[in-house]
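Everything on this sheet refers to the single structure shown next.
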Amino acid sequence: MMVGAMTALTVGRMSWNVGNRCETAQFQVYKEPCPMPRDDETREHGVQGVNCKVEKHTFAKRMEEGGKLIFTHIPKCAGTSFVSELKGKHHLYLKNEIAWKMEQCFLDLQESKGIHLIFLRSPRKHLLSQFMECKYTEWGHTKTKNTDFPQQGELYDDFQTWIDHFHNLNEDKKTWGKEFAYNCYNPRNMQSRYLTCQAPGGPNPEWQYTKAVYPHFAHEKEPSLTEAILNLDKHEWIGVADLYHESLCVFVYRHKGTLPSNCKCPFPQNAGHTHNTHSVPEHHVGTVPSDTLRKVDELSLLDQGLFIHGLALLLADIYEVQKETRTRFLCAGRLEGVYDQLSFQKDAAAKLKAAYKDILQNHPGSLKPSQELQIQMFLMTSVPAAS
């Protein structure tokens, strides 16, 4: 795991969030343009001679002005638990109430006035969770019925067979569409896929039941990590399933402007969060054989880069909220637990570097200066660990 590069990504975004804020950022809205850089004065004072009015603009305030919550629901990334908690605890409802259940592509949900939300998940846990859903749930049994989905063996033996199916590509075999995915999930870079796919003919809630490019299944073409990163950055709140509690702390603060009472260290053993297990048996990535994990990593190279990028954004948001509230809620051991789940190999690092260079060279103006800074710091400091 490239901890140094991870730090560079996070600090790069923090340095912008905490100091230089004279443009629209994720949490601050500047009513009047303020293109000049600011000094270290408080946010209430702009650059000398520049009228830079700053106003905290919570999600709640924006919803009063017509903004709507729109959730990009990537399967097996804590989306069901999150939406249940929004409704049950916070009495919040999504504009895409039907579409989130259908797990539609981001590009079919995007709206100019939308408040876009998303959850990501560390790829190893994500792939194992997809398999568990297909193997053990009623939905999975219905989907995989009359297919060759590995169903009869022990959990990790069947998981290895399932991974081998997608890893051992046969050039003569069509490797996208629902038949190849046992009518369930194709795990190959699913998170990147959801941020780059689009329904044929435009958004339509019914298309997913009739088209073979339903985003549960892979596309003929590998998703673009560059496009996935750019579209991830269009989300105004990015949660990480591996840091679910901390992600919800940031969300509530962004929504209300106040921090929940349980958002403080030490880490609460019973935070009262909704957790939908889908009734699958207990499972752990650490029990998966090393050779299978290697194949899992190769199937999710793009998602590894995307997850590192998203994690850096979340960590910067956490540090900013902690600074603004003077309350620490990212407690000891929590981040290390996430790092332990990552295997950021040379190939994944190379793909992320290539995507970052593509963004800087071919997509000028698509990022805020803070994001360009974090990318440049990553490119300068990242040294891949041995695979």
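Source: prediction; values computed, not measured. Numbers here are sequence positions counted from 1.
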Is there side-chain contact between [X] and [Y], with heavy atoms separated by less than 4.5 Å?
X    : Y    : result
L155 : M132 : yes
H73  : T80  : yes
L360 : K357 : no
K68  : E111 : no
E222 : N189 : yes
K61  : T58  : yes
K256 : H90  : yes
N183 : T142 : no

Whether F251 and F59 hold their rings parallel, tilted or perpendicular, with breakpoints at 30° and 60°: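 The arrangement is tilted - the two ring planes meet at 30° to 60°.
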Establish whether [X] and [Y] are linked, either directly or via other cluster members, by ILVMFWY side-chain heavy-atom contacts under 4.5 Å.
X    : Y    : value
L107 : L117 : yes
Y136 : F149 : yes
Y339 : L120 : yes

Distance-only donor-acceptor check, side chains [X] and [Y], under 3.5 Å:
X    : Y    : answer
S192 : D303 : yes
D233 : H309 : yes
Q151 : Y182 : no

Stepwise salt bridge (Lys or Arg N to Asp or Glu O under 4.0 Å) test for R294 and D297: CA-CA 5 Å; R294 176 185 61 80; D297 295 339; over 6 Å; no
Does [X] [atom1] have over 12 foreign heavy atoms under 6.0 Å away?
X    : atom1 : value
K234 : NZ    : yes
D148 : CG    : no
E138 : CD    : no
K351 : NZ    : no

Less than 4.0 Å between a side-chain N and a carboxylate O, is that true for [Y] and [X]?
X    : Y    : value
E133 : K143 : no
R334 : E246 : yes
R254 : D317 : yes
K295 : D291 : yes

If you compare all heavy atoms of [X] against all heavy atoms of [Y], which two are closest, and at what distance to 0.1 Å?
X    : Y    : answer
Q191 : C77  : OE1-SG, 4.0 Å
G310 : I238 : O-CG2, 4.2 Å
M190 : H216 : CE-O, 4.1 Å

Intermediate values then yes/no, side-chain contact (heavy atoms from CB on, under 4.5 Å), T226 and H363: CA-CA 10 Å; T226 297; H363 300 270; 3.7 Å; yes
Candidate pair Y156 and T292, rule side-chain contact (heavy atoms from CB on, under 4.5 Å), full reasoning: CA-CA 9 Å; Y156 298 105; T292 303; over 6 Å; no
Taking the ring centre of each residue, are [X] and [Y] less than 6.0 Å apart?
X    : Y    : value
H235 : F106 : yes
F180 : H165 : yes
F307 : H126 : no
W237 : F119 : yes

Candidate list F82, Y194, Y93, test ring-ring contact (aromatic ring centres under 6.0 Å, His included), partner F71, passing option: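 The passing option is F82.
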Y185: which of W139, W162, F166 passes ring-ring contact (aromatic ring centres under 6.0 Å, His included):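 Only match with Y185 under ring-ring contact (aromatic ring centres under 6.0 Å, His included): W139.
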Intermediate values then yes/no, side-chain contact (heavy atoms from CB on, under 4.5 Å), V288 and I163: CA-CA 11 Å; V288 177; I163 289 297; over 6 Å; no
Evaluation steps, side-chain contact (heavy atoms from CB on, under 4.5 Å), between C249 and H245: CA-CA 6 Å; C249 290; H245 174 69; 3.7 Å; yes
